[in-house]
Amino acid sequence: MSTNYNLLGKGLRNLSILLILFIASPISLTMGFKALKKFDNTPQEYISYLILFVAALIIIFTIYFAFKTFNVLLKAIFNN
């Protein structure tokens, strides 16, 4: 069993992107809820719902990307 270094490099690059997504997703969700609280009963309330929708999409993509990244790392390490 040898390690595939090209695939390992791709996995580590994806892991760094995943780290950024792990930081960005809760921050964007928090921004959405704070905007919802600030723009309550105003015409700009749709902005807060848009931010919440984008944050939910980022969270779903982060979970998908995490499974994909760990799958690539496992393939690189165990050479499947």
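Reckoned from all heavy atoms, side chains included, excluding hydrogens, waters and symmetry mates. Source: prediction; values computed, not measured.
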**Request:** Would you kindly confirm whether Leu74 and Tyr64 end up in one hydrophobic cluster when ILVMFWY residues are joined by side chain heavy atoms under 4.5 Å apart?
**Result:** yes
**Asked** When Ile, Leu, Val, Met, Phe, Trp and Tyr are grouped by side-chain heavy atoms lying under 4.5 Å apart, directly or through other members, which residues fall in the same group as Leu7?
**Response** Val72
**Message:** If we ignore hydrogens and angles and just use 3.5 Å, is the side chain of Thr69 paired with the main-chain N or O of Ala66 as donor and acceptor?
**Reply:** no
**Message:** Rounded to the nearest 0.5 Å, what separates atom CG in Leu18 from atom NZ in Lys68?
**Reply:** 12.0 Å
Would you be so kind as to tabulate the donor-acceptor pairs closer than 3.5 Å made by side chains of residues 24-38, with sequence neighbours excluded?
unit_1, atom_1, unit_2, atom_2, d
Ser25, OG, Leu21, O, 3.0
Ser28, OG, Ala24, O, 3.2
Ser28, OG, Ser25, O, 2.9
Thr30, OG1, Pro26, O, 2.8

**Message:** Test of understanding: clusters of I, L, V, M, F, W, Y form through side-chain heavy atoms closer than 4.5 Å, transitively. Do Ile58 and Ile63 belong to the same one?
**Reply:** no
**Prompt:** Hey, any chance Phe67 and Ile59 share a hydrophobic cluster, counting ILVMFWY side chains that come within less than 4.5 Å of each other, even indirectly?
**Reply:** yes
**Prompt:** Going through the checks in order, is the side-chain contact (heavy atoms from CB on, under 4.5 Å) test met by Phe78 and Thr3?
**Reply:** CA-CA 7 Å; Phe78 296 116; Thr3 303; over 6 Å; no
Show the atom names and distances, to 0.1 Å, of all donor-acceptor pairs under 3.5 Å that link a side chain in residues 42-57 to residues at least two apart or in another chain.
unit_1, atom_1, unit_2, atom_2, d
Thr42, OG1, Phe39, O, 2.8
Ser48, OG, Glu45, O, 2.6

**Message:** Going by the rule ring-ring contact (aromatic ring centres under 6.0 Å, His included), which residues pair with Phe61 if we only count those two or more places apart in sequence or in a different chain?
**Reply:** Phe65
